[in-house]
Amino acid sequence: MPQQQPPAGAAGPADHPDGAAPPPDLPERVVEIYGEHDLSTVPAFAGGFINFGYWAEVPQAAGRRLTEADRVRSEQDLYRLVLGALGPARGRSALEVGCGRGLGCALALREYGLGAVTGLDAHPDQISRAREANAALLDAGAAAGTGRLEFVLGAAERLPLPGGAVDVIYSVEAAQHFRDLPGFARETARVLRPGGRLALTTFFARTRAAARELPGLLPPYADGLDVPYVVDEVAATLAAAGLRDVRVRAVGAGVWEPYDRYLAQQHEPRDGWARRYLTAYRAGLLDYYLLTAAAGRSVGRRRVQEGAAPAAQGTP
């Protein structure tokens with residue numbers, strides 16, 4: 001999707017409250033997209049949640065023109081899909097890894113009754129934006145002495161929390177950026193309390209052969225923004241870190257077709273790379289997934305299919 005410059009006054013590297021530059025190991029493309037370019041200002045991500053959205057619950061989405069309100073609803077519904085997969089949430093503590101502007105953290109507090117939510121992001125500009133976007137909620141918590149929401153700078157593979165710190169960890173369309181997925185898995189196992197839950201959602205390659213092909217089709221894989229992880233290998237990595245009951249659910253049937261139709265209605269060219277995700281999905285190269293796991297000794301993994309993508313072609 002086309003990029004655009006952030007609005008005047010947007011926080012830059014020198015303006016964020018922690019006074020730190022992006023971590024030196026953060027890829028240059030990630031620094032640009034979530035810093036100078038501020039992906040949350042791109043019209044395709046109306047509402048600022050920065051995800052492709054889950055459209056299955058958008059009323060009558062298949063039979064009418066999709067609106068900006070529908071787009072925002074789809075992004076919120078992706079969070080609801082993930083948060084609902086965590087089980088009973090009221091009063092529990094949560095960590096969102098890759099929180100962006102923190103809008104999902106606020107939704108989690110507002111709709112799911114979590115006791116406390118920590119939003120973590122590796123880019124300092126995103127932490128600045130999250131604190132600005134949620135200033136009223138942060139101020140109210142400070143005034144009441146509850147401190148139910150906070151935003152911290154940190155990497156997924158080096159979570160700045162003590163062991164057994166939170167009840168649940170969730171991540172929405174961020175894991176494709178993680179450079180050290182085994183590190184994230186180990187840190188998740190360390191930081192979750194006994195009986196804790198993990199839920200993450202994003203798009204992954206379906207096979208190793210697909211992972212090799214995707215950079216030639218989608219520039220974010222070629223320019224270093226995203227990593228073409230293979231979904232079964234992601235699940236195995238979580239299990240190897242000691243997480244148990246790892247489950248994989250394909251949800252692309254509720255993502256790719258309506259998202260592409262929304263882009264078409266915004267006059268995104270059919271041959272533009274932003275619309276190649278649907279091409280990749282139809283070719284069986286990638287899909288959108290919800291992965292869940294529990295803290296504890298690994299006992300394997302199980303796949304649950306929902307509207308699976310067309311069968312992948314080629315050698316796995």
Side-chain angles (χ1 to χ4, degrees), residues 1-7 10-12 16 22 26-27 29-55 58 66 68-83 95-108 117 119-134 151 153-156 170-178 199-204 218-221 223-227 251-252 254-256 258-260 262-263 266 268 272-275 277 286 288-290:
M1 61 227 42
Q3 306 297 333
Q4 64 186 56
Q5 296 299 315
H16 71 80
L26 203 60
R29 190 60 175 155
V30 175
V31 172
E32 292 174 351
I33 290 296
Y34 293 102
E36 175 187 359
H37 293 295
D38 187 4
L39 196 58
S40 66
T41 65
V42 174
F45 294 120
F49 284 85
I50 318 181
N51 65 63
F52 288 127
Y54 184 65
W55 301 75
V58 176
L66 297 172
E68 184 174 297
D70 293 326
R71 179 70 184 102
V72 175
R73 164 74 184 267
S74 77
E75 295 175 276
Q76 294 171 332
D77 279 353
L78 187 60
Y79 268 92
R80 294 176 180 121
L81 179 71
V82 171
L83 292 165
L95 168 68
E96 179 178 355
V97 181
C99 68
R101 295 180 65 226
L103 304 181
C105 295
L107 184 149
V117 176
L120 176 138
D121 204 280
H123 202 302
D125 290 2
Q126 293 291 70
I127 295 298
S128 290
R129 295 176 186 123
R131 290 173 177 165
E132 180 179 0
N134 297 280
F151 296 103
L153 183 68
Y170 65 96
S171 180
V172 176
E173 207 166 299
Q176 76 277 6
H177 298 318
F178 298 169
L200 71 85
T201 190
T202 195
F203 46 97
F204 293 120
L218 292 165
Y221 288 120
D223 67 15
L225 180 63
D226 296 334
V227 179
V251 298
V255 176
W256 302 117
Y259 175 72
D260 185 79
Y262 179 79
L263 289 182
Q266 305 308 307
E268 184 74 23
W273 70 260
R275 298 188 62 192
Y277 286 96
L286 60 67
Y288 212 97
Y289 297 94
L290 171 65

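These values consider heavy atoms only, across backbone and side chains, with no hydrogens, waters or symmetry-generated copies. Numbers for residues simply follow the sequence, beginning at 1.
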Exercise. Within the side chain of E75, is there an N or O that forms a donor-acceptor pair under 3.5 Å with the backbone of I50?
Worked result: yes

For this session: Could you please spell out the steps behind the side chain to side chain contact (heavy atoms under 4.5 Å, CB included) verdict for D38 and D125?
Result: CA-CA 9 Å; D38 187 4; D125 290 2; over 6 Å; no

Exercise. Rounded to the nearest 0.5 Å, how far does CZ of R29 lie from NE2 of H37?
Worked result: 5.5 Å

Exercise. Taking C-beta and beyond as the side chain, do F49 and V172 meet within less than 4.5 Å on heavy atoms?
Worked result: no

Problem set entry | For Y54, the option from T201, L290, V251 that meets side chain to side chain contact (heavy atoms under 4.5 Å, CB included) | V251

For this session: Evaluate side chain to side chain contact (heavy atoms under 4.5 Å, CB included) for L218 paired with D226, printing each intermediate quantity in order.
Result: CA-CA 10 Å; L218 292 165; D226 296 334; over 6 Å; no

Exercise. Is the backbone N or O of Q76 less than 3.5 Å from a side-chain atom of N51, with the two atoms forming a donor-acceptor pair by type?
Worked result: no

For this session: Answer whether the closest heavy-atom distance between the side chains of Y34 and L225 falls below 4.5 Å.
Result: yes

Problem set entry | Over all atoms of both residues, closest heavy-atom pair of V58 and D70 | CG1-OD1, 3.6 Å

Problem set entry | Taking every non-hydrogen atom, the tightest pair across G104 and E96 | C-OE1, 3.9 Å

For this session: State whether the side chain of D260 and the backbone N or O of W256 hold a donor-acceptor pair below 3.5 Å, judged by distance alone.
Result: no

Exercise. Which heavy atom in G48 sits nearest to a heavy atom in R101, and how many Å separate them?
Worked result: CA-NH1, 3.6 Å

Exercise. Given the rule in the side-chain hydrogen bond (donor to acceptor under 3.5 Å, both in side chains) test, do E173 and Y288 qualify, once you have shown the distances and angles that lead to the verdict?
Worked result: CA-CA 9 Å; E173 207 166 299; Y288 212 97; 2.5 Å; yes

For this session: Over 60° means perpendicular and under 30° means parallel, so classify the ring planes of F52 and F203, tilted if in between.
Result: tilted

Problem set entry | From L286 atom CG to Q176 atom CD, the distance as rounded to the nearest 0.5 Å | 11.0 Å

Exercise. Between D77 and R80, is there a salt bridge with N-O shorter than 4.0 Å?
Worked result: yes

For this session: Look only at the side chain of R71 and the backbone of A44, and say whether a donor-acceptor pair between them is shorter than 3.5 Å.
Result: yes

Exercise. Taking it one step at a time, do S74 and W55 satisfy side chain to side chain contact (heavy atoms under 4.5 Å, CB included)?
Worked result: CA-CA 5 Å; S74 77; W55 301 75; 3.5 Å; yes

Seminar exercise, completed: Tightest non-hydrogen contact, residues A108 and Y170, listed as CB-OH, 3.8 Å

For this session: For residues C99 and C105, report the shortest heavy-atom separation together with the two atoms involved.
Result: CB-SG, 4.0 Å

For this session: Examine distances only and state if a side-chain atom of S171 and a backbone atom of V97 form a donor-acceptor pair shorter than 3.5 Å.
Result: yes

Seminar exercise, completed: The reported gap from CZ in R129 to CD in Q126 (rounded to nearest 0.5 angstrom) is 5.0 Å

Problem set entry | Nearest heavy-atom neighbours spanning A155 and A122 | CA-CB, 4.4 Å

Problem set entry | CG-CZ distance between L200 and F178, expressed to the nearest 0.5 angstrom | 7.5 Å

